[in-house]
Amino acid sequence: MFIMTEAAKNVKAPRTAITPTRAENFPEWYQNVIKAADMAENAPVRGCMIIKPYGYAVWENIQGNLDRMIKAEEVQNAYFPLLIPLSFIAKEAEHIEGFAKECAVVTHHRLESDGKGGLVPAGPLTEPMIIRPTSETIIGEAFSRWVQSYRDLPLKTNQWANVMRWEMRPRIFLRTSEFLWQEGHNVFETHDDAEKDALRMIEVYREFYENYMAVPGFIGAKTPDERFPGAIETYTIEAFMQDGKALQGCTSHNLGQTFAKSSDIKFLDRDGVQKLAWTTSWGLSTRTIGGLIMVHADDDGMVMPPKLAPYQVGILPIIHDEADKPKIMEFCDKIRKELLAKGVSARIDKSGQRTSDMMWGAIKKGVPVRLEIGAREIAEGQLTYTRRDLGKDGKKKVSVDEFLGSIEGVLAQMQKDMLERARQRMQGMVIEIKTLKEMRDFFAAEKIGGVKIDYKLIQDSDEFEAIKKEFSVTPRCLPFADNGQKVIVAKAY
RNA sequence: CGGAGUGUAGCUCAGCCUGGUAGAGUGCUAGCUUCGGGAGCUAGAGGCCCAGGGUUCGAAUCCCUGCACUCCGACCA
């Protein structure tokens, strides 16, 4: 090591791939990470996004893994229509009140020339349709026909679909008017079965969040005013982003008999009596990708957890001399095939860019492991690789056999380290307090994160209402870990 | 829906105050030298200056009216 002069420092001034940095301007940093990783862009329609191949690959990995976990719960996939007759949603008072403001309405079915080169809607519909903001009502209608006997229960159905909620203030991935999700809808004989199911599904999500996303969270129940319209219980995972705001990562609702009543889902029980069924619904959306970014990305861009990465190893051919190119590319391809045989996804950068551009491209995309292969590696039989989350100091040089033998372990370790790092950060962000005075001081000091407090202290409290309003914070959840006795309060996305 | 800001090259923006017909950086294309944590030179392609109206001999620039986007609130399962 040597001591750098001031001049040398300026030349080598630390430069982040993303500007501004997280500390400088978090919302702008977030958007730039997405742009730099080439994951998505805003669409011509306000509030809608185009998910680009690299971002969509993450969604496909979320789908693939979560779908397998959902099916393990004996749930079957189906598909229900995008358009819902207005009369369906009007059936349930509380539900409609929750969604009415956000509904897009289809009122016409035909376009005609206006004689001035434009088109105008003609053919008004006798009954307007809404574009589904969620599918409880239309699935309820089907279930009322499908469910006749206790023998038809439990009925467990999931759909992967797009939904639309007209948003006042869209943010890419986090809050878009159209988004992709899965929504599960289950029907049971009893309240207890439904309650167990709602709890079971939040547990499935917890496993998914921790094991695949490497994102920890506070798992618990929503306070009554934060519940899904029509639900008797809503369970959630509240994850904490690097700016200290909470993000509801998914939800699982015990809907009681609310929707069974409005959709008339009844079954003939063993005792010959017609009974109203009990339902649940549970969902996880593309919003989760926003959380993935805000939890893991750094000032150099995205950091992909290996299990959700579009490709886990980015192979960068280092070519100094054109004559070496065929040999190097052939070697890269050989390594790629060996990785694929082990179930490790890999991609060779064939862009022909300069080394540093390929390198930074992979960094910004958050490719878990970068593998540099040049004439040197081939000559020495060694491979040079770097874990994205450790930075350049984590660069390692090992033999080909050692690399192939250890890569799965390296990826697994990275996945584990990312979760652990996120967990440490989350724990440091939420402090336990005893009084509302402390809560006021905490938010007044603009501290990063949230607080945990005795739930009783915020119930029917005018001071808490005042704090909520003044600092725009909300109760996020009553963690299971505290048996519902305590509540987490924070700003939220 | 309120407050603020911004619409000019693929992207980031300057020019506008003080009207005279289009600029920079970056990216892109080609060539050469380079290349292992952000390289340099040369040449080139690329713009209905958000839209509509007005003022003017003349508007990216001044004045109206829209529209869109961004940020901050409100709202939000």
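We name chains A, B, ... by the order of the sequence lines, and we start the count at 1 in each one.
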| field | Watson-Crick or G-U counterpart of B:rG38, or none if no pair lies under 3.5 Å | value | none
| A:R227 near the nucleic acid: base, sugar-phosphate alone, or nothing, with a heavy-atom cut-off under 4.0 Å? | sugar-phosphate
| task | Remember a base hit wins even if backbone is also touched, and classify A:G230 as base, sugar-phosphate or nothing at under 4.0 Å, heavy atoms. | result | nothing
| Proximity to the side chain of A:M359 - top-ranked nucleotide from B:rG36, B:rU12, B:rG38 | B:rG36
| request: With C1' as the reference atom in both, quote the distance from B:rU56 to B:rA74 in angstrom, rounded to an integer. | output: 45 Å
| So, A:T384 side chain and A:K397 main chain: donor-acceptor pair closer than 3.5 Å or not? | no
| note | Side-chain contact check for A:S472: nearest option of B:rA74, B:rC35, B:rG37 is B:rA74
| query | Can you find a donor-acceptor N/O pair under 3.5 angstrom joining the side chain of A:R370 to the base of B:rG37? | reply | yes
| Minimal non-hydrogen separation, A:A194 against A:W278, with atom names | CB-CB, 3.8 Å
| field | Nearest non-hydrogen partners of A:S351 and A:M358, listed with the distance | value | OG-CG, 4.1 Å
| task | Name the nucleic acid region contacted by A:I319, choosing base, sugar-phosphate or nothing; use a 4.0 angstrom heavy-atom cut-off, strictly under. | result | base
| task | For A:I363 and for A:F99, find the nucleotide of RNA chain B with the closest heavy atom, then tell me which residue's nucleotide is more 5'. | result | A:I363
| Distance between the P atoms of B:rC49 and B:rG66, in whole angstroms? | 23 Å
| Got a donor-acceptor pair under 3.5 Å from the side chain of A:E377 to the base of B:rG36? | yes
| said: Looking only at the side chain of A:T384 (C-beta and beyond, no hydrogens), which of the listed nucleotides B:rG36, B:rC71, B:rG38 gets closest? | reply: B:rG36
| query | Can you tell which of B:rG36, B:rG37, B:rU70 lies closest to the side chain of A:E372? | reply | B:rG36
| field | Toward the 5' end of RNA chain B, by each residue's nearest nucleotide, A:D393 or A:E102 | value | A:D393
| request: Tell which nucleotide pairs with B:rU29, taking only Watson-Crick or G-U wobble pairs whose two distances are both under 3.5 angstrom. | output: B:rA43
| message | Counting only heavy atoms from other residues, nucleotides and ligands, does the tally under 6.0 Å from CG of A:D321 exceed 12? | response | yes
| said: Distance check, P atoms only: B:rG10 and B:rA51, in whole angstrom units. | reply: 14 Å
| said: Could you tell me how far B:rU26 sits from B:rU42 if I compare only their P atoms? Round to whole Å. | reply: 12 Å
| Complementary nucleotide for B:rC49 - Watson-Crick or wobble, under 3.5 Å | none
| task | Determine yes or no for a side-chain-to-main-chain donor-acceptor pair under 3.5 angstrom, with A:R388 supplying the side chain and A:M302 the backbone. | result | yes
| Residue-phosphate contact under 4.0 Å: A:Q31 side-chain N/O, B:rC71 OP1/OP2 | yes
| How about A:F218 and A:F480: are their ring centres within less than 6.0 Å of each other? | no
| Just wondering, do A:W360 and B:rG38 stack (centres under 5.5 Å, planes under 30°)? | yes
| message | Using a heavy-atom cut-off of 4.0 Å across all strands, would you classify A:K397 as base, sugar-phosphate, or nothing? | response | nothing
| Contact class for A:A231 (heavy atom, under 4.0 Å): base, sugar-phosphate, or nothing? | nothing
| said: Partner lookup for B:rU56, please. Criteria are Watson-Crick or G-U wobble with both distances under 3.5 angstrom; report none if nothing qualifies. | reply: none
| message | Does a side-chain N or O of A:N32 approach OP1 or OP2 of B:rC11 to a distance below 4.0 Å, or not? | response | no
| request: Report yes if some heavy atom in the side chain of A:M164 is under 4.5 Å from a heavy atom in the side chain of A:R132; otherwise report no. | output: no
| task | Please tell me which of the listed nucleotides, B:rC35, B:rC71, B:rG38, lies nearest to the side chain of A:S356? | result | B:rG38
| Whole-angstrom distance between B:rG27 and B:rC16, as gauged at atom C1' | 27 Å
| field | Complementary nucleotide for B:rG19 - Watson-Crick or wobble, under 3.5 Å | value | none
| query | Which base sits across from B:rA24 as a Watson-Crick or G-U pair, both distances under 3.5 Å? | reply | B:rU12
| query | Counting side-chain heavy atoms from C-beta on, which of B:rG36, B:rC76, B:rU70 comes nearest to A:N42? | reply | B:rU70
| request: Between B:rU29 and B:rG46, how far apart are the P atoms? Round to whole Å, please. | output: 16 Å
| said: So if I take every side-chain heavy atom of A:K101 and compare against B:rG37, B:rC35, B:rC75, which nucleotide ends up nearest? | reply: B:rC75
| said: Nearest to the side chain of A:P27, heavy atoms from C-beta on, is which of B:rC71, B:rG37, B:rC76? | reply: B:rC71
| Does any nucleotide pair with B:rG2 by Watson-Crick or G-U wobble geometry, both distances under 3.5 Å, and what is it? | B:rC72
